[in-house]
Amino acid sequence: MENKDKLVYFNSRDMLFRIPVSQIVYFEADGNYTFIVTTNKLKACLCMNLAHTEQALTTQLGEHAHQFMRIGKSVIVNMRYIYQVDIAKQQIILSDFQHFTYAVPASKEALKTVKELIIHNRI
């Protein structure tokens, strides 16, 4: 199964989420909870913190987990949807160029790291 067709699973108390990797735009922390934001603008709440979410991605995706990057304390982004890195406004713009555009806050240090990765690795 190609990575774009791969499914990730999140078991959250009374719910099980099954989401195609290619449909996940970003994860956002809210205390002990994590929100998943998808390409069709759905927002699902997981009863786990961002560190546990990050671990679940690593466990399930293995070598493909690098598609997701933590950019600070509260956000993990899908690197494939990065459209713009705006260090001055301290945000990353995520878009598929057709259906959605999200502005996600990030620290200047994280943004500089993302910018360098994009320039040097062409991600």
Side-chain angles (χ1 to χ4, degrees):
M1 183 180 281
E2 288 185 37
N3 190 41
K4 69 177 186 153
D5 300 323
K6 183 154 179 59
L7 297 170
V8 289
Y9 300 85
F10 297 99
N11 192 8
S12 183
R13 275 195 209 150
D14 299 329
M15 292 188 207
L16 173 68
F17 294 95
R18 187 182 87 153
I19 306 169
V21 171
S22 63
Q23 300 300 305
I24 300 169
V25 181
Y26 70 97
F27 297 89
E28 185 174 29
D30 185 7
N32 289 326
Y33 298 92
T34 300
F35 289 96
I36 305 170
V37 180
T38 62
T39 58
N40 61 354
K41 300 181 183 177
L42 288 178
K43 194 171 188 178
C45 182
L46 302 175
C47 294
M48 63 174 68
N49 65 27
L50 200 61
H52 285 108
T53 303
E54 191 173 27
Q55 182 59 45
L57 287 171
T58 301
T59 301
Q60 294 182 52
L61 298 177
E63 66 184 42
H64 298 288
H66 69 275
Q67 176 179 342
F68 293 93
M69 181 179 182
R70 190 161 182 168
I71 55 165
K73 293 180 182 179
S74 63
V75 178
I76 297 172
V77 297
N78 186 334
M79 300 289 280
R80 293 184 180 187
Y81 290 116
I82 293 176
Y83 160 65
Q84 180 183 24
V85 176
D86 190 333
I87 295 171
K89 291 184 180 178
Q90 289 189 261
Q91 66 183 7
I92 285 183
I93 307 297
L94 304 166
S95 181
D96 70 347
F97 301 98
Q98 292 179 322
H99 304 103
F100 68 85
T101 302
Y102 297 108
V104 179
S107 70
K108 286 185 180 183
E109 294 76 27
L111 293 171
K112 288 176 185 177
T113 301
V114 170
K115 183 179 173 184
E116 287 301 312
L117 281 171
I118 292 170
I119 291 169
H120 292 28
N121 296 328
R122 310 252 187 247
I123 51 174

Without swapping roles, check the side chain of E54 against the backbone of I76 for a donor-acceptor pair under 3.5 Å.
no
Do the side chains of [Y] and [X] get nearer than 4.5 Å, heavy atoms only?
{"X": "L61", "Y": "K6", "value": "yes"}
{"X": "I36", "Y": "I24", "value": "yes"}
{"X": "I82", "Y": "M69", "value": "no"}
{"X": "T38", "Y": "V25", "value": "no"}

Quick one: ring-ring contact (aromatic ring centres under 6.0 Å, His included) partners of F68, sequence neighbours excluded?
F27
Output all residues satisfying ring-ring contact (aromatic ring centres under 6.0 Å, His included) with F97, sequence neighbours left out; order by chain, then residue number.
Y83
Go through the structure and list residues passing side chain to side chain contact (heavy atoms under 4.5 Å, CB included) with [X], not counting sequence neighbours.
{"X": "K108", "value": "I87, Q90"}
{"X": "Y33", "value": "R13, C45, C47"}
{"X": "K89", "value": "D86, Q91"}
{"X": "D14", "value": "none"}

Roughly how far apart are D30 CG and S74 OG, rounded to 0.5 Å?
9.5 Å
Measure the spacing between CD1 of I118 and CD1 of I92 and express it to the nearest 0.5 Å.
7.0 Å
Minimum-distance pair of heavy atoms, taken over all atoms of D96 and Y81
CB-CE2, 4.1 Å
